[in-house]
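These numbers were taken from a predicted model, which means no experiment stands behind them.
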Amino acid sequence: MKGLVFFLLPLGAFAASGGGGEYDIVPRAINFVIFVAILYYFLATPFRNFYKNRILKISSRLDEIQKKLLESKAKKLEIMKKLEEARAVAAGALITAKKESEILAEQIRSNAKEELVLLQRHFEEQKEYEWRKMKREVVSHIITELFNDKDVRLTQEDIIDIMMKKAS
């Protein structure tokens with residue numbers, strides 16, 4: 001409704017009677033049309049170029065942003081692959097460490113068992129040595145007492161028999 005009023009308002013100014021009765025509306029309209037055509041002729045190309053350049057700039061910026069986005073996605077995928085590889089390597093290292101610890105524990109157990117066997121054998125040898133040493137001392141002490149005792153009379157055969165027992 002308001003648009004219609006604004007459109008009809010200038011027509012009322014032309015219809016007003018005012019001085020001469022001659023109206024130069026047609027030449028003015030033609031001049032206006034020529035003015036608009038000249039304006040369009042001179043300004044249309046720069047406006048078109050301006051908007052085309054603006055559209056191209058926006059398009060190129062959008063392409064750059066999309067390219068950067070694709071690059072960042074590719075880097076993200078690469079980093080995720082490296083992360084998965086690192087996790088796999090860490091899991092492998094953990095499994096290897098567990099196996100190595102089991103192997104070392106088994107080696108320690110076997111070494112301890114060998115040492116125990118060795119200590120047991122050494123103990124038995126030492127016990128046997130002490131037993132023979134004690135026998136010699138007892139035999140030696142008894143022989144010394146026999147020889148030193150004047151009441152005991154030994155024959156040469158008895159002495160040889162005692163010596164043979166001592167030697168064995």
Side-chain angles (χ1 to χ4, degrees), residues 1-4 6-7 35-168:
M1 181 82 163
K2 286 182 181 182
L4 185 61
F6 286 121
F7 180 69
F35 176 71
V36 169
I38 291 171
L39 246 158
Y40 179 78
Y41 177 75
F42 285 118
L43 295 179
T45 305
F47 277 134
R48 256 190 250 131
N49 290 339
F50 172 75
Y51 283 116
K52 283 182 183 178
N53 288 337
R54 182 156 169 80
I55 289 170
L56 287 175
K57 285 180 183 177
I58 290 171
S59 174
S60 67
R61 286 183 62 206
L62 181 63
D63 289 342
E64 288 176 12
I65 290 171
Q66 286 178 345
K67 186 177 179 182
K68 286 182 182 178
L69 180 64
L70 290 175
E71 288 175 358
S72 66
K73 284 183 180 180
K75 284 183 182 179
K76 179 183 174 186
L77 288 175
E78 183 180 329
I79 289 172
M80 293 299 281
K81 285 180 184 177
K82 286 182 181 179
L83 179 64
E84 289 300 319
E85 289 174 6
R87 285 181 180 166
V89 168
L94 185 62
I95 291 170
T96 304
K98 284 182 181 179
K99 287 180 181 178
E100 286 179 359
S101 67
E102 290 173 1
I103 290 170
L104 286 174
E106 185 61 34
Q107 284 179 349
I108 290 172
R109 279 189 209 109
S110 66
N111 288 344
K113 285 180 183 179
E114 288 174 7
E115 281 188 44
L116 283 174
V117 168
L118 225 127
L119 286 173
Q120 185 69 28
R121 189 174 64 200
H122 180 66
F123 174 74
E124 291 296 326
E125 288 173 358
Q126 187 69 25
K127 190 170 86 172
E128 184 67 31
Y129 171 75
E130 290 296 326
W131 179 254
R132 283 182 290 173
K133 183 179 168 185
M134 187 179 71
K135 276 182 173 180
R136 282 188 200 132
E137 287 177 1
V138 168
V139 169
S140 191
H141 181 65
I142 291 175
I143 289 175
T144 306
E145 280 184 12
L146 284 175
F147 285 134
N148 289 339
D149 192 8
K150 304 272 183 195
D151 294 334
V152 177
R153 299 259 180 213
L154 293 173
T155 63
Q156 192 170 12
E157 287 180 17
D158 291 335
I159 294 175
I160 291 176
D161 193 31
I162 291 172
M163 293 293 254
M164 291 299 275
K165 287 182 181 178
K166 184 179 179 184
S168 63

Trainee: Not counting sequence neighbours, which residues clear side-chain contact (heavy atoms from CB on, under 4.5 Å) with Y129? List them please.
Mentor: Q126, R132, K133
Trainee: Let me have the donor-acceptor pairs involving side chains of residues 77-91, under 3.5 Å, with sequence neighbours excluded, atom names and distances please.
Mentor:
{"unit_1": "E84", "atom_1": "OE2", "unit_2": "R87", "atom_2": "NH1", "d": "3.4"}

Trainee: If only atom types and distance count, is the side chain of S140 paired as donor or acceptor with the main-chain N or O of E137 below 3.5 Å?
Mentor: no
Trainee: Name every donor-acceptor pair, under 3.5 Å, that has one atom in a side chain of residues 102-121 and the other anywhere in the protein, sequence neighbours excluded.
Mentor:
{"unit_1": "E106", "atom_1": "OE1", "unit_2": "R109", "atom_2": "NH1", "d": "3.2"}
{"unit_1": "S110", "atom_1": "OG", "unit_2": "E106", "atom_2": "O", "d": "3.4"}
{"unit_1": "S110", "atom_1": "OG", "unit_2": "Q107", "atom_2": "O", "d": "2.9"}
{"unit_1": "N111", "atom_1": "ND2", "unit_2": "Q107", "atom_2": "O", "d": "3.4"}
{"unit_1": "Q120", "atom_1": "NE2", "unit_2": "E124", "atom_2": "OE2", "d": "3.4"}

Trainee: Give me each pair satisfying side-chain hydrogen bond (donor to acceptor under 3.5 Å, both in side chains) with a member in residues 51-69, each pair once, sequence neighbours excluded.
Mentor: none
Trainee: Sequence neighbours left out, what passes side chain to side chain donor-acceptor pair (under 3.5 Å) with E71? Give chain and number order.
Mentor: none
Trainee: Could I get the full list of side-chain contact (heavy atoms from CB on, under 4.5 Å) partners for L69, not counting sequence neighbours?
Mentor: S72, K73
Trainee: By side chain to side chain donor-acceptor pair (under 3.5 Å), which residues pair with R48, not counting sequence neighbours?
Mentor: Y40
Trainee: Tell me every residue that passes side-chain contact (heavy atoms from CB on, under 4.5 Å) with L39, counting only those two or more places apart in sequence or in another chain.
Mentor: F35, L43
Trainee: Among residues at least two apart in sequence or on other chains, which ones pass side chain to side chain donor-acceptor pair (under 3.5 Å) with H141?
Mentor: E145
